[in-house]
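Working notes for the structure below.
These numbers come from the heavy atoms of this one structure, side chains and all, not from hydrogens, waters or symmetry mates.
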Amino acid sequence: MGAYREQLLKENYGGRVRGFTAQEEEEPSGSLALFKLKFTISLILFAGFAYLSITGGSFYNVTAEQIVQAVTEENLSEQLLELGFYE
């Protein structure tokens with residue numbers, strides 16, 4: 001490869017020549033990693049809610065019906081207080 005071509009490639013690609021260097025794995029950005037974490041937590045919570053709804057069980061004396069009622073009510077803080085989450 002000619003010296004002029006190498007110089008142009010260094011200026012255009014920051015010293016890395018495409019196709020001639022090993023592919024580096026890109027780290028996910030902070031916002032993408034945070035989104036993945038939030039999505040995973042949401043998915044786990046939804047799966048837990050679905051399990052409670054299907055089996056009719058409860059978790060710390062909270063049933064799926066109480067969760068639905070608390071979410072659909074306008075006074076969410078009062079519902080959470082009744083369920084024992086706020087003191």
Side-chain angles (χ1 to χ4, degrees):
M1 191 176 341
Y4 178 70
R5 180 177 163 93
E6 286 181 20
Q7 181 65 30
L8 282 176
L9 290 174
K10 285 180 183 178
E11 289 175 3
N12 290 334
Y13 299 112
R16 288 180 273 142
V17 180
R18 290 188 181 181
F20 296 108
T21 58
Q23 294 282 340
E24 296 177 11
E25 285 190 33
E26 294 182 15
E27 298 271 333
S29 66
S31 60
L32 181 62
L34 186 60
F35 171 77
K36 286 180 180 180
L37 178 65
K38 288 179 180 181
F39 181 76
T40 304
I41 291 171
S42 300
L43 194 62
I44 291 169
L45 289 174
F46 177 74
F49 170 77
Y51 176 77
L52 289 179
S53 180
I54 290 170
T55 62
S58 66
F59 182 75
Y60 286 108
N61 297 325
V62 178
T63 63
E65 291 80 22
Q66 289 175 322
I67 294 171
V68 170
Q69 183 182 9
V71 172
T72 56
E73 288 285 324
E74 289 185 20
N75 297 327
L76 182 61
S77 61
E78 291 178 15
Q79 292 289 327
L80 292 175
L81 180 64
E82 290 176 8
L83 295 175
F85 289 110
Y86 284 136
E87 295 187 57

Shared hydrophobic cluster for F59 and L43 (ILVMFWY, side-chain gaps under 4.5 Å): no
Cluster overlap F39 with I44, hydrophobic side-chain contacts below 4.5 Å: no
Atom pairs and distances, donor-acceptor, side-chain atoms in residues 45-56, under 3.5 Å, two or more places apart:
from	atom 1	to	atom 2	distance (Å)
T55	OG1	Y51	O	2.8
T55	OG1	G57	N	3.3

Minimum side-chain heavy-atom gap T63-Q66 below 4.5 Å: yes
